[in-house]
Amino acid sequence: MTDTVLSVSFAGPHVSVQDAGRPGLMRYGVPRSGPMDRRSFAAANLALGNPAGAPGIEVSMGGLVLQCLSGAVGFAVAGGGFIVEHAGDRRGSWHAATLRAGEHLTIRPGPWGSWCYLAFAGRLQAPQWLGSASTHAISGLGGGRLAAGTRLVIADAAPHPAREVEFPCPVAARPRRELRVTLGPQQRFFSSRAVAAFLTGEWRMTDAWDRMGVRLAGPQIAPHAALDMPSGPITRGSVQVAGDGVATVLLADHQTTGGYPRIATVLDCDLDGFVQLRPRDPVRFRPVSARQAVALARTAAIAAPAAWLR
Amino acid sequence: MGPGRSFPVFSPVAEHSILVEFGDRIAPDIHARVLQLDRALAAAPFDGFIESVPAYAAILIHFDPLTCDHRTAESAARQLIGQPAPPAVPAPAPREVLVCYDDELAPDLAAVARAAGLSPEAVINAHLAGRYEVFMYGFAPGYAYLAGVPGAIHMPRKPAAVRGVAAGSVLIAGPQCLVSTLTMPTGWWVIGRSPSRILTGDPGRPFLFDVGDRVRFRRIDRAGFEAAT
């Protein structure tokens, strides 16, 4: 086993190193970060026998082109329906192969999905911040964004012929157009008509997205203008509505507190599928009770890599 | 909400959290109740507890939905709220933050002085006289919201954010003050620059403050700032 060195020939925006994230620091203004679609990321690692949260690369719709400068390394690609070109082959996401010196690997958007993950059979060397290599987008702290010229070193890299297989995309990794939510916690800032419009209306994803959140287009659901609230805690999945009635769903790199009321919170177990939607895709919200939310999370956990959820 | 609303209010947040609200405004007595519950949770976490996120008037309690649920978390929180206060421990000494008010590093000092009807030096003295407390973190890593800006220099936010405000800027808006950690847009007023790092880079103590800490500012001159940067 030896090091394998890769060079980034091209990386679109929002392509970065991620791992299991840095939980437990929200009280210091630090969100967990980690992959937008945690299930697909875990699948790429598990396909190689890695721990589910080992550092890997998150590829956006901007795409990624790598060249292997030296060595050889097994890799796995999972997440979305991306197109993977490698050594004369053109395949979809959800397979594993070996990348050898002189070869190129191209990952670009295909028929569906917004995020795709690349894991290596070896240890991707990446700077850590607060115990994690996950890149926090607005600060750039952690493993970092990839750009043309970035070198990636994989320590203890090995070809992995036994694992050069295609593995089917799990049903749970498909895009999710119906999001289960608990209402509130600041539902009181909205008229009953606004809450009804939120729950019955058809929403669409917009182009205003990044790792912090995505803005939705849909019915006007402006909060009562006269009310003011002190900034309060926000989670991944919070649906925050600004004074102009625009709804935003907060995601992996969310701010930890905010002053806009949250009309609802998307169940965490629905977020991995949600982020695979693309701009202009339709999406709806369905309310569930707290008790139903827990039951749904436990059901989803059965279908997910257990190691990831701990 | 109307006057009939009685606190604390417990709300479920997705499958993994509850929010406990102690009020709907920024006030020391409300924040004290947030801190009391936050400390009680740290001292006696219930099974499945993951983390708590204290803010001005509310605290988020995050738990593992595979081993815990909202009802269990709520009853644990109610029990901790009802506990008698633990024996008083001596408050730790205030954390010291250095600040340089040099014109070049304090682009809004003159405007604040004009708005407050004070000289720039009087604004500086008012800022230094404040007794600050960390009410919460938010917005971005290490953004600690300090309450305690003296009333004489309370300023509304600017109508529009200014881009590219340097990391380390000492900002004020209303009763709040903060020392930024990233170069970001802000609508707050820049009255100085600090070489003190809130994100310390020290793995043993990565953040300069804990929520609830008291903070004092100490003035340094430009040479002191350059030496400390």
To the nearest 0.5 Å, tell me how far Ile18(B) CD1 sits from Thr182(A) OG1.
12.0 Å
Give, as side chain, backbone, both or neither, the part of Leu25(A) having an atom under 4.5 angstrom from any heavy atom of chain B.
both
Would you give the length of the straight line joining atom CG of Leu199(B) to atom OG of Ser139(A), rounded to the nearest 0.5 angstrom?
8.5 Å
What part of His136(A) gets within 4.5 angstrom of chain B, counting heavy atoms only: side chain, backbone, both, or neither?
side chain
Does a sphere of radius 6.0 Å around CZ in Phe49(B) hold more than 12 heavy atoms from other residues, nucleotides or ligands, not counting ones at 6.0 Å or beyond?
yes
What closest approach, in Å, do Pro65(B) and Arg298(A) show between heavy atoms, and which atom pair accounts for it?
O-NE, 2.6 Å
Within this structure, what is the OG1-OH distance for the pair Thr256(A) and Tyr137(B), rounded to the nearest 0.5 Å?
10.5 Å
Side chain, backbone, both or neither of Thr235(A) within contact of chain B (heavy atoms, under 4.5 Å)
side chain
Between Tyr143(B), Phe207(B), Phe209(B), which is the residue that forms a side chain to side chain contact (heavy atoms under 4.5 Å, CB included) with Tyr28(A)?
Phe207(B)
Measuring from atom OG of Ser17(B) to atom CE of Met26(A), what distance do you get when rounded to the nearest 0.5 angstrom?
6.5 Å
Stepwise salt bridge (Lys or Arg N to Asp or Glu O under 4.0 Å) test for Glu21(B) and Arg188(A)
CA-CA 13 Å; Glu21(B) 293 168 280; Arg188(A) 63 181 182 276; 2.8 Å; yes
Structural part of Arg22(A) lying under 4.5 Å from a heavy atom of chain B
neither
Glu15(B) versus chain A, the contacting section by heavy-atom distance below 4.5 Å
both
Atom CD of Gln79(B) with >12 non-hydrogen neighbours under 6.0 angstrom:
no
Hey, could you give me the OG/CZ distance between Ser231(A) and Phe139(B), rounded to the nearest 0.5 Å?
10.5 Å
With distance as the sole test, does Gln255(A) use its side chain to make a donor-acceptor pair with the main-chain N or O of Gly138(B) at under 3.5 Å?
no
side-chain contact (heavy atoms from CB on, under 4.5 Å) evaluation trace for Asp24(B) with Met229(A):
CA-CA 6 Å; Asp24(B) 47 16; Met229(A) 62 175 273; over 6 Å; no
Checking Leu19(B) against chain A: side chain, backbone, both or neither under 4.5 Å from a heavy atom?
side chain
Taking Asp210(B) first and then Arg27(A), would you say they form a salt bridge - that is, a charged N and a carboxylate O separated by under 4.0 Å?
no
Would you say that Arg291(A) contacts Asp69(B) through its side chain, given a criterion of any heavy-atom pair below 4.5 Å between the two side chains?
no
Side chain, backbone, both or neither: which part of Leu267(A) has an atom under 4.5 Å from a heavy atom of chain B?
both
Top of Pro233(A), Ala293(A), Ala297(A) for chain B proximity - count of heavy-atom pairs under 4.5 angstrom
Pro233(A)
Contacting moiety of Val13(B), where chain A heavy atoms sit under 4.5 Å:
both
For Ala55(B) versus Thr257(A), what's the shortest heavy-atom pair and its separation?
CB-CG2, 4.5 Å
Atom group of Ser52(B) that falls short of 4.5 Å from chain A, counting heavy atoms:
both
Output, in order, the C-alpha distance, side-chain angles, deciding distance and verdict of side-chain contact (heavy atoms from CB on, under 4.5 Å) for Met184(B) and Ile138(A).
CA-CA 9 Å; Met184(B) 294 265 251; Ile138(A) 53 168; 3.8 Å; yes
Go through the structure and list residues passing side-chain hydrogen bond (donor to acceptor under 3.5 Å, both in side chains) with Asp268(A), not counting sequence neighbours.
Arg38(A)
Please find the pair of heavy atoms, one from Ala57(B) and one from Pro230(A), that lie closest to each other, and give the distance.
CB-CG, 4.1 Å
Crowded around Asp47(B) CG? As in, over 12 foreign heavy atoms under 6.0 Å?
no
In terms of heavy-atom pairs under 4.5 Å, which option from Gly140(A), Gly184(A), Cys269(A), Pro31(A) contacts chain B the most?
Cys269(A)
Does CZ in Arg205(B) sit with more than 12 non-hydrogen atoms of other residues, nucleotides or ligands closer than 6.0 Å?
yes
Single hit among Arg71(B), His16(B), His70(B) for side chain to side chain contact (heavy atoms under 4.5 Å, CB included) with Val294(A):
His70(B)
Checking Gln186(A) against chain B: side chain, backbone, both or neither under 4.5 Å from a heavy atom?
side chain
